[in-house]
Amino acid sequence: MFEARLVQSSILKKVLEAIKELLNEATFDCSDSGIQLQAMDNSHVSLVSLNLRSDGFDKYRCDRNLSMGINLASMSKIMKCAGNDDVLTMKAQDNADLVTFMFESQNQEKVMDYEMKLMNLDQEHLGIPETDYSCVIKLPSQEFARIVRDLSQFGESVVISCTKEGIKFSAGGDIGNANIKLAQTSNVDKDEDAVTIEMQEPVSLTFACRYLNSFAKATPLSPQVQLSMSADVPLVVEYKIGDIGHIRYYLAPKIED
Amino acid sequence: MALQPSITEYFATR
């Protein structure tokens, strides 16, 4: 028996928005420790890794490990039926081919049950090595989304350069060049507005705007985003999901032909 | 022209 209850169903709605542009389907691996998902996008360029810890749920029970293959477009249709303030419970029997999403209004006067068929997906898990990154940058997630969106107008790629002084995002193409520099903030009223840099070595890497824009769909999950970079290894873009977990996206830098 | 490597070139299948 698997049962997971979230008072804020909006969290799962936002998680879905954060993955459905990259993934058509994915396996939600449920265990005693929580719900995990790891999947590459269709072109195998980027990797999405989601972790929702069992202790972050309002109620969580998973007697046997369960892998739920889910069509994300179908799940999205169901999640659209939930109000943001509804309480969500996901339920499945052991070895089930169905998952039930139950939504309850706050006053418990309306209860909705949606059953969805599960799929058998060939899942390939990748081993992500422990890495000490040369630069770890934290910045407001809305700022990151805005920068990536703005620079996407100039070209297919954005160069992210990090030094102790700050971060520079650059793009260039037929219409011209664009540079956006962010300095490390010295003092801000709110932590979520801060730009912080932990740097061992300066780094400058080129990334595909298209994927960064897809990662930025996670912006509603967290006020801050963390970028971890080292030369010649994939960038990690991480959004914390409240006290329940995180979503991480991995994208290899472009290399000169 | 810059090339986009696959993520599988960095992370091996487990």
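Every chain is numbered from 1, with letters handed out A, B, ... down the list of sequences. The structure displayed is predicted, hence computed values, not measured ones.
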Can a donor-acceptor pair be found, under 3.5 Å and without considering hydrogens, that links the side chain of A:Glu256 to the backbone of B:Leu3?
no

Let's go through B:Gln4 and A:Leu251 carefully: what are the C-alpha distance in whole Å and the side-chain angles of both, what is the deciding distance for side-chain contact (heavy atoms from CB on, under 4.5 Å) to 0.1 Å, and is it a yes or a no?
CA-CA 9 Å; B:Gln4 176 64 63; A:Leu251 175 66; 4.0 Å; yes

One should read off an interatomic distance between A:Glu124 CD and B:Thr13 OG1, to the nearest 0.5 angstrom, of 4.0 Å

Please report the closest heavy-atom contact between B:Pro5 and A:Pro253, naming both atoms and the distance.
CD-O, 3.2 Å

Residues 200-222 of chain A vs chain B, non-hydrogen distance cutoff under 4.5 Å, contacting residues -> A:Ala208

Do any of residues 225-239 of chain A have a heavy atom less than 4.5 Å from a heavy atom of chain B, and if so, which, in residue order?
A:Asp232, A:Val233, A:Pro234

Assess whether atom CG of A:Asp32 is packed by more than 12 heavy atoms of other residues, nucleotides or ligands within 6.0 Å.
no

Could you list the donor-acceptor pairs under 3.5 angstrom formed by side chains in residues 166-179 of chain A, with sequence neighbours left out?
unit_1, atom_1, unit_2, atom_2, d
A:Ser170, OG, A:Asn179, OD1, 2.8

Look up atom CD in A:Gln38 and atom CZ in B:Phe11, then write down how far apart they are to the nearest 0.5 Å.
9.0 Å

Considering only heavy atoms, give the residues of residues 127-145 of chain A separated from chain B by less than 4.5 Å, sorted numerically, with 'none' for an empty result.
A:Gly127, A:Ile128, A:Pro129

Under a 3.5 Å distance rule, please check whether B:Ser6 uses its side chain to pair with a backbone N or O of A:His44 as donor and acceptor.
yes

